[in-house]
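Comments concern the structure below.
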Number of protein chains: 2
Amino acid sequence: MDVDTRLLRYFAAVAEEGHLTRAAQRLYVSQPALTKQIRQLEAQLGVQLFTRSRSGMALTEPGRALAAGVPGLLAGWDEVLRDTRGAAARAERVLRVGFLASAANELTPRIIAAFTRRRPGWRVDMRQGSWSEPTAGLRDGDVDVALLRLPFPGQEELRVEVLLTEPRCVVLPSSHPLAARDEIAFQELWDEPVVAPVPETGQWRDYWLGTEERVGHPARIGAVTENPDEWLTAVANGYGIALAPESAARFYPRPGITYRPLTGISPSQVGVVRPAAAEADPVVRDFVSSCRECVTGEEP
Amino acid sequence: MDVDTRLLRYFAAVAEEGHLTRAAQRLYVSQPALTKQIRQLEAQLGVQLFTRSRSGMALTEPGRALAAGVPGLLAGWDEVLRDTRGAAARAERVLRVGFLASAANELTPRIIAAFTRRRPGWRVDMRQGSWSEPTAGLRDGDVDVALLRLPFPGQEELRVEVLLTEPRCVVLPSSHPLAARDEIAFQELWDEPVVAPVPETGQWRDYWLGTEERVGHPARIGAVTENPDEWLTAVANGYGIALAPESAARFYPRPGITYRPLTGISPSQVGVVRPAAAEADPVVRDFVSSCRECVTGEEP
DNA sequence: CACATCCATGCCGCCAGGTTATGAACGCAG
DNA sequence: CTGCGTTCATAACCTGGCGGCATGGATGTG
């Protein structure tokens, strides 16, 4: 018997949530669509998977059996998918490099140039991840190596090598009173609402909220954003201020946005990150070497 | 990314066959349909899986990666499916009993009655398997226990208990010269074409061709059939003769068909069969006990 | 008793998969 | 060289299924 993995995901969602309605909104489909799908799954299997009631959908015994197996199947499929895509990238001589916002700043093109010198015929694919995925796809095998700002969650199980350090500054709406100042102390911003990344980013979020430097004074969240564009727009619209690396002033200038130097806050670091397993991959090693080469002296 | 397992089966077939056209006929779909599906799979993955040429479809490197993973996924799904159906059967108090043709003859209803006495509230589901599946679904987990004629392929890894033994006879078209005889020696039939089961049945097929008793004189196959109906029809139409258990004369009488006693051939045995793992299942044990009870004396 | 919250149903538009028929490229035999 | 058979690709068409909206029915709650 054949099924679509989508149908399995539907089933898993309903099994987890215990409610058609809630599962439906989590899956971004209408509730009737889910009703139909689940009923069809039951019909195809010839098995009743749920007992319906006013208070939701409860798994039956065979439903539990299916629910026990489905996550493993989906994980297996995702893994095969990644392996296939990885093989395709290698076969096409593509190195997939993940990053979140500005990657390694002005260093980035130099790194790519150095890598291309080492590996003629290879191409570098720069892939910007969303902030809800703090490793830019590295943990899921969607990229081979990543340029990330530290710290980020899951950092411990990955190989990290710091490339550069730069001060953090503050992003203000140009209309903000402090925007006129030449330099600002972080403490002056403690009561300002902050435009923050999504909660999944864990310590990365804390870092950009300046939690450590607030010594217990909690940050007030003014808006939650998924990527640099949303983030700048939110600041420009006055939802709050934000911390940023100094280079953001060069990479993300924008009308209505003002960057100002900040004191009383630690600098930001950018590192090159790869899974421990990739240590054996000569192409990844070459990329890391290229990063090192661009950092250590030999400036143009 | 989502896929239908059907699509994965398509891919696996093409990968194995190396030809779109051949895979298409193996899958019973048209070649254009396969073309479209495979191209769509490639498009969804963003990966070229095959290199096309006049002489077929050859896997690319990423194609090989996918081909390596897909069989495991499909096997995993089939297993989850079986577990779910098995759980459903247990939950509904259904014991699924497989058989191929006549099961345990007149004993069958008595066995079911005895089982129902031991397990009130349980229902027995008798499932006739096709001859291309010699264990009637036992090996695939489609049934919990089976009533089968011995020997059959794969017998060694299953628990078998002989229930009854009965002579084998011959099935002839009524118009056959030998149909007039009261008793026939097997040797007289050596040159007759035989209506045989499909080749997958292995030693089961050999047994019903009488290979052992032919001492090297090979059987001539007159027709290949999948189930009792096809088999009797083939005999009635004169495609050949066939061996059968004596009870077939009672269970499968049919105009144009004559059963005659046979000498010079070993008798047939029926056994109750279950996987070693089912030894722990009290319901299966009760069924086996019921079989034993009906065999040992205590006739009505 | 009205209301909120479940899931189920009916209707409709659209897309994806299948089929048949046909085309294009190539190898092979006469 | 030419016709035939093989391969995969393309085009036109039909249908079934999926998803969306609106609504209904059952059940507990203020």
Side-chain angles (χ1 to χ4, degrees), chain A residues 1-64 66-67 70 74 77 81, chain B residues 1-64 66-67 70 74 77 81:
Chain A
M1 209 207 68
D2 288 313
V3 230
D4 197 314
T5 55
R6 185 174 34 82
L7 190 46
L8 296 182
R9 290 184 215 281
Y10 282 6
F11 167 77
V14 176
E16 270 179 45
E17 296 284 343
H19 295 270
L20 268 182
T21 335
R22 279 177 229 171
Q25 54 201 41
R26 190 174 107 185
L27 295 166
Y28 302 106
V29 295
S30 69
Q31 167 263 315
L34 248 195
T35 298
K36 261 197 287 188
Q37 290 300 313
I38 297 294
R39 294 187 88 79
Q40 168 184 326
L41 180 62
E42 291 183 323
Q44 278 189 346
L45 294 171
V47 167
Q48 183 160 359
L49 299 170
F50 295 95
T51 54
R52 276 84 166 160
S53 73
R54 44 237 145 272
S55 56
M57 315 265 289
L59 283 168
T60 60
E61 193 49 52
R64 267 191 289 280
L66 185 60
V70 163
L74 293 176
W77 166 239
L81 200 55
Chain B
M1 209 208 69
D2 289 314
V3 228
D4 197 314
T5 53
R6 185 174 33 83
L7 190 46
L8 296 183
R9 290 183 215 280
Y10 282 7
F11 167 75
V14 176
E16 270 179 44
E17 296 285 343
H19 294 270
L20 223 34
T21 334
R22 278 177 230 170
Q25 54 201 40
R26 189 173 108 185
L27 296 165
Y28 301 105
V29 295
S30 68
Q31 168 264 315
L34 248 195
T35 297
K36 256 202 288 189
Q37 290 300 311
I38 297 294
R39 294 187 88 79
Q40 168 183 327
L41 180 62
E42 290 183 323
Q44 278 189 347
L45 293 171
V47 167
Q48 183 160 359
L49 298 170
F50 296 95
T51 54
R52 276 88 166 156
S53 73
R54 46 231 143 279
S55 58
M57 316 263 290
L59 284 168
T60 61
E61 193 50 52
R64 267 191 290 279
L66 185 60
V70 163
L74 293 176
W77 166 240
L81 199 56

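Order of the sequence lines fixes the chain letters, A, B, ..., with proteins taken first and strands second; residue numbering starts at 1 for each chain.
Note on R52(A): every side-chain N or O is 4.0 Å or more away from OP1 and OP2 of dC6(C). Listed pair T35(B) / dA9(D) meets the phosphate criterion, a side-chain N or O lying under 4.0 Å from OP1 or OP2. In this structure, S30(B) reaches the dT19(C) phosphate: one of its side-chain N or O atoms is under 4.0 Å from OP1 or OP2. OP1 or OP2 of dA9(D) sits under 4.0 Å from a side-chain N or O of R39(B).
Applying the salt bridge (Lys or Arg N to Asp or Glu O under 4.0 Å) test to every pair with at least one member in residues 22-33 of chain A, sequence neighbours left out, gives these pairs: E16(A)-R26(A), E17(A)-R26(A). For the ring-ring contact (aromatic ring centres under 6.0 Å, His included) condition, no pair includes a residue of residues 13-37 of chain A, sequence neighbours left out.
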Taking N or O atoms only and anything under 3.5 Å, show me the protein contacts with nucleotides 10-16 of chain C, one pair per line.
none

Mind listing the N/O atom pairs, protein and nucleotides 25-30 of chain D, below 3.5 Å?
{"from": "dG28(D)", "atom 1": "OP1", "to": "R54(A)", "atom 2": "NE", "distance (Å)": "3.0"}

Distance-only donor-acceptor pairs under 3.5 Å for side chains of residues 6-14 of chain B, two or more places apart:
{"from": "R6(B)", "atom 1": "NH2", "to": "D4(B)", "atom 2": "OD2", "distance (Å)": "3.3"}
{"from": "R9(B)", "atom 1": "NE", "to": "D2(A)", "atom 2": "OD1", "distance (Å)": "2.6"}
{"from": "R9(B)", "atom 1": "NH2", "to": "M1(A)", "atom 2": "O", "distance (Å)": "3.3"}
{"from": "R9(B)", "atom 1": "NH2", "to": "D2(A)", "atom 2": "OD1", "distance (Å)": "3.2"}

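Put simply, CD on Q31(A) is 11 Å from C1' on dT5(C), counting in whole angstrom units. In this structure, F50(A) places its CZ atom 11 Å from P of dA8(C), rounding to the nearest Å. What separates CG of L34(B) from P of dT10(D) is a distance of 15 Å, to the nearest Å.
The side-chain hydrogen bond (donor to acceptor under 3.5 Å, both in side chains) search around R39(B) returns none, not counting sequence neighbours. Q40(B) meets the side-chain contact (heavy atoms from CB on, under 4.5 Å) test with Q37(B), Q44(B); sequence neighbours excluded. Take T21(B) and apply the side-chain contact (heavy atoms from CB on, under 4.5 Å) test, not counting sequence neighbours, and it matches no residue. Listed by chain and residue number, R64(A), A91(B) satisfy the side-chain contact (heavy atoms from CB on, under 4.5 Å) test with E61(A) (two or more places apart in sequence, or in another chain). Under the side-chain hydrogen bond (donor to acceptor under 3.5 Å, both in side chains) criterion, S53(B) pairs with S55(B), not counting sequence neighbours.
DNA chain D is contacted by H19(B), L20(B), T21(B), R22(B) of residues 15-28 of chain B, taking any non-hydrogen atom closer than 4.0 Å. Listed by residue number, the members of residues 2-10 of chain B with any heavy atom below 4.0 angstrom from DNA chain C are R6(B), Y10(B).
Within the nucleic acid shown, A33(B) comes within 4.0 Å of at least one base atom, counting heavy atoms only.
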